[in-house]
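None of the values given here were measured: they were computed from a predicted structure. So you know, we letter chains A, B, ... as the sequences are listed, proteins then strands, and number each from 1. We use all heavy atoms of the structure for the numbers below, so side chains are in, but hydrogens, waters and symmetry mates are not.
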Amino acid sequence: MTAYAAPPAIPAGRIELVHLRYRTVLTARWRVLWIAAIFAAVALAALVRIAWLGFAGDAPRRTSLADALLPPRGEITDRNGVPLARAFPAYALWFNPAAMGDSGSPLVRSPAEVARALVRIFPDMNEARLAERLASGRSGYLRRRLLPEEANEVFRLGEIALEIPRETDRHYPQGTLGAHILGYVVEDEGGKIGMEQVLEARLEDPVLRSQPVALSIDVRVQGALEDELRKGMLATNAIGAAGIVLDVDTGEIMAMASLPEFDPNTAGASGPENVFNRVTNGVYELGSTFKPITIAAAIDAGVVRDLSKTWDATPVQVGRRTLKDLKPKGAGLNVPQALVYSSNTVTARVADELGAERLRRTLIDLGMDQRPFIELPARGKPIFPKGNWARITNMTVSYGHGLAVTPLHLASAYAAMVNGGIWRPSTLMKLAPKDVPRGRRVFKESTSSRMRQMLRMISMYGTGRSANAPGYRIGGKTGSAEKASGGGYAKTSLVSTFAAAFPLDRPRYVVVAVIDEPRGTAASSYQRTAAWTAAPVVGKLVPRIGPMLGVLPDESRDVDISDLRYLVEGRK
Amino acid sequence: MTIHVTGSGMRSLGWAAVLAVCIGLVAALSVRVHAIKSEVLLAERQIIALKRETLLLETEFETRASQRQLVHWNAVEFGYAAPRADQFLETERQLASLGQPMGPDAPAQIRLARADTAGDEGAGDARRQDAAMVSPLSGEKVTLASAKAEADAGAMFADAFGDFLIEASPIRPARAQTPAMRVQAAAAMQGAGE
């Protein structure tokens with residue numbers, strides 16, 4: 001065999017080299033792949049992180065700030081944003097025997113010493129009872145409300161078991177002001193009476209409660225109304241008083257007060273007294289204040305066309321009853337005189353001619369047969385004569401007897417009478433101009449104009465003179481009715497009312513003041529009737545609230561009464 | 001060949017270093033982000049605390065200045081009454097209506113006028129005022145007390161600042177008031193009292 005060593009086509013060394021090269025390239029590719037994979041993973045992680053930050057990371061943080069500042073119950077403000085009820089951070093004193101975390105005594109010092117130290121801070125607490133309480137080892141409130149400085153002093157005692165948890169409390173910065181409008185809050189039960197109850201769902205709603213709710217009332221007007229009513233009530237030694245200031249064009253209640261009042265800050269804990277709201281819940285026979293409504297209905301129906309016509313003013317005999325004037329002014333009176341001198345007989349005769357059905361219709365149009373239109377839960381049901389009215393019913397209702405309504409009914413009716421004849425439901429919520437209800441027409445514009453003249457004349461020449469604040473063009477009607485008691489009337493207990501509007505040349509507000517059971521005192525010249533009790537309240541109130549409500553006094557303006565002036569006492 | 005492998009190894013080492021630097025930067029950045037986040041959290045807590053305090057103080061203010069309290073203060077201290085109708089003026093026309101019409105023999109109204117000479121403004125005014133201030137007897141310039149005070153504003157400030165420094169300094173001079181002066185002061189007080 002010839003050993004022919006042919007050189008191999010591919011030398012073994014070269015194969016080795018190719019193999020090596022192949023492996024090296026493979027390793028390099030793997031490495032590149034790994035690095036690319038790591039980069040991709042890092043990039044992916046960064047992207048995921050960015051996405052997480054962008055979508056999830058920040059969101060809970062932002063809500064936490066909003067959450068922390070979200071009040072547990074929404075704020076109630078007046079129409080200008082002054083807070084009337086708000087959640088207020090307060091301190092409580094809580095005894096936690098487990099705070100020390102061991103089986104020893106919960107207190108560092110003896111219970112008696114701690115009790116003594118606490119009584120030094122809170123002198124009204126009972127030391128013996130407190131020591132007993134601390135020794136018993138039961139956890140619980142020692143005191144519900146602490147002032148911040150008291151909390152600091154308790155903290156300084158160094159007792160770990162005396163905890164000062166922060167709780168939010170419902171606080172009414174204005175105290176008793178507007179108590180009947182606001183109501184109060186009972187812990188774990190919610191709002192009671194007033195807007196706290198009405199707005200319960202809105203105030204507790206987590207979405208809406210960060211926004212305060214604006215009521216229609218103006219705190220300054222409310223303050224002035226309560227102050228003047230309180231003075232009037234105390235001056236006449238009355239058992240109560242009520243007042244309302246109503247916007248005639250929108251039905252918004254600018255102020256509403258019922259005295260005596262309660263303090264909503266303490267009412268929740270101790271249970272309130274005086275929760276009875278005389279404005280919306282108390283029904284009264286409001287007496288002569290109804291005469292202008294009867295006259296307006298008669299003018300509207302065309303029964304009274306000639307205001308100079310003299311009506312018979314002698315006592316009216318209906319069946320067995322005789323209707324008389326309190327202070328007869330002669331045998332015959334015209335309609336303006338009847339209002340100025342407050343004549344029952346002429347009003348009754350006008351109503352008789354008008355007819356029961358038409359007077360009844362007007363009063364129903366004024367909403368007097370239903371509970372008053374207002375958000376509050378406390379709404380009194382009027383005593384409205386049922387069925388077809390007898391002749392005597394018609395006559396007595398015409399001057400405000402035999403029909404009991406709330407002062408709010410009267411205010412709404414007066415607003416309709418002076419604003420051009422449109423009745424609107426009253427509200428305690430602040431209304432934007434677009435939300436003002438259209439209302440319904442009860443009187444003609446011309447009737448309203450006549451009534452403005454005659455109301456002004458009553459406060460210029462008649463029983464409302466003590467309410468005639470110079471420059472404010474006030475006009476209104478007094479009413480003094482005996483309170484119904486048993487089957488008849490209590491001769492000694494009156495309800496004195498003054499219902500007024502100002503400025504009458506362009507009416508903006510109706511003011512009603514009611515004094516419940518005034519006594520004749522030196523301050524009221526020993527009189528109990530409205531001219532001496534309720535009307536002066538309005539006379540002092542209007543100059544205080546007028547400029548705040550945008551009504552500036554002006555003695556160069558007034559209602560034009562030149563065509564009626566000569567009808568009363570022959571004035572020229 | 002070995003050199004080639006070493007070069008590749010160097011390159012991957014370089015990549016690894018770059019990666020390490022990047023990771024280090026990312027870590028540093030994320031630490032910084034966390035630091036800022038916790039600062040933001042702290043700031044938020046401060047905001048919450050301050051807002052709560054504002055609420056507390058505002059509510060306290062509202063409570064102390066409640067309508068009833070204001071009425072009470074007014075009754076005891078101030079005695080303000082509602083303004084009367086004649087205290088309001090709505091228009092210029094109303095304001096003008098308060099003036100008296102000129103009668104036939106009314107004294108002539110006093111009118112004030114001033115003639116400005118041309119090119120004599122600003123500094124000229126001051127010069128003219130200075131020129132006007134001469135003594136009627138001697139014809140010498142007179143410096144008003146008010147003008148003096150104005151001129152010495154720098155000196156006054158220096159005095160006041162010196163006083164302030166003395167007040168603020170922890171080293172206090174002994175009471176410079178002599179007993180005699182104190183007696184005088186007491187006498188002056190008594191005199192004022194009587």
(request) Under the side-chain hydrogen bond (donor to acceptor under 3.5 Å, both in side chains) rule, collect the residues that match up with A:S556, sequence neighbours excluded. (result) A:D554
(request) Check each atom of B:I23 against the heavy atoms of chain A and say whether the ones under 4.5 Å are side chain, backbone, both or neither. (result) neither
(request) Counting only heavy atoms closer than 4.5 Å, note whether A:V32 contacts chain B via side chain, backbone, both or neither. (result) neither
(message) Applying a heavy-atom distance below 4.5 Å, give me the residues of residues 53-67 of chain B that approach chain A, sorted by number.
(response) B:L55, B:L56, B:E58, B:T59, B:E62, B:T63, B:S66, B:Q67
(message) For chain B, which candidate among A:V82, A:I35, A:I545, A:V219 shows the most heavy-atom pairs at distances under 4.5 Å?
(response) A:V219
(message) With a 4.5 Å cut-off on side-chain heavy atoms, are B:R11 and A:R31 touching?
(response) no
(request) Might you point out which heavy atoms bring A:G471 and B:A85 nearest each other, and give the distance in Å? (result) CA-CB, 4.1 Å
(message) If I measure from the heavy atoms of chain B, does A:T27 come under 4.5 Å with its side chain, its backbone, both, or neither?
(response) neither
(request) With sequence neighbours left out, write down each residue that passes ring-ring contact (aromatic ring centres under 6.0 Å, His included) with A:Y172, or none if nothing qualifies. (result) none
(message) Can you confirm whether more than 12 heavy atoms, excluding those of B:Q87, are under 6.0 Å from its CD atom?
(response) yes
(request) Might you confirm whether atom CH2 of A:W34 has over 12 heavy atoms from other residues, nucleotides or ligands at distances under 6.0 Å? (result) no
(message) Among B:K51, B:R68, B:R45, B:Q69, which residue has the highest count of heavy-atom pairs closer than 4.5 Å to chain A?
(response) B:R68
(message) The criterion is side-chain hydrogen bond (donor to acceptor under 3.5 Å, both in side chains); which residues satisfy it with A:R506, sequence neighbours excluded?
(response) A:D249
(request) Below 4.5 Å from any heavy atom of chain B, which atoms of A:A28 appear? Answer side chain, backbone, both or neither. (result) neither
(request) Provide the closest heavy-atom pair for A:Y472 versus B:P83 in the form atom of the first, atom of the second, distance. (result) OH-O, 4.3 Å
(request) Sort A:R230 into side chain, backbone, both or neither according to what part of it lies under 4.5 angstrom from a heavy atom of chain B. (result) side chain
(message) Please classify the contact between A:R86 and chain B as side chain, backbone, both or neither, with a heavy-atom cut-off of under 4.5 Å.
(response) side chain
(message) Less than 4.5 Å to any heavy atom of chain B: does that hold for the side chain of A:I38, its backbone, both, or neither?
(response) side chain
(request) Go through A:P470, A:P83, A:A469 and name the one with the most non-hydrogen pairs under 4.5 angstrom from chain B. (result) A:P83
